[in-house]
Amino acid sequence: MSISINSPSSMPTTIDSGNSLMVAVISKNQQEIEGEMALQLMEAAQLPVPQPIDNSGHNINTTA
């Protein structure tokens, strides 16, 4: 099945349903990947912050 579109001559004038379906599937897969990445980011933000083991590097010498 093919749908005609009124468009300038530089644009494609038909849309092939097979290509449209392939683009839709790729788009859906991309959205799922981005959703998983967002969930991982939210889960990582909930982890407790590790405490420093010693004071090394925490004291700043302010005298010149």
Side-chain angles (χ1 to χ4, degrees):
M1 181 175 127
S2 181
I3 301 171
S4 295
I5 299 175
N6 293 331
S7 63
S9 61
S10 63
M11 300 287 292
T13 56
T14 59
I15 296 176
D16 185 353
S17 62
N19 288 338
S20 299
L21 179 61
M22 184 177 66
V23 169
V25 168
I26 291 171
S27 175
K28 179 184 174 212
N29 290 341
Q30 181 66 28
Q31 289 175 353
E32 289 175 352
I33 291 169
E34 289 177 3
E36 289 174 9
M37 290 170 58
L39 286 175
Q40 290 175 356
L41 183 62
M42 288 187 284
E43 289 172 356
Q46 294 175 353
L47 295 176
V49 177
Q51 297 298 320
I53 296 173
D54 59 359
N55 278 340
S56 176
H58 297 280
N59 296 330
I60 300 173
N61 185 0
T62 57
T63 59

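Worth knowing before you read on, the calculation uses all heavy atoms, side chains too, and leaves out hydrogens, waters and symmetry mates.
- Atom CD in Q31 sits 12.5 Å away from atom CD1 in I26 (nearest 0.5 Å).
- Hydrophobic cluster membership for M42: L39 (Ile, Leu, Val, Met, Phe, Trp, Tyr linked by side-chain heavy atoms under 4.5 Å, directly or transitively).
- Partners of Q30 by side-chain hydrogen bond (donor to acceptor under 3.5 Å, both in side chains), not counting sequence neighbours, listed by chain and number: E34.
- Every residue two or more places apart in sequence or in another chain that forms a side-chain contact (heavy atoms from CB on, under 4.5 Å) with E32 is listed here: K28, N29.
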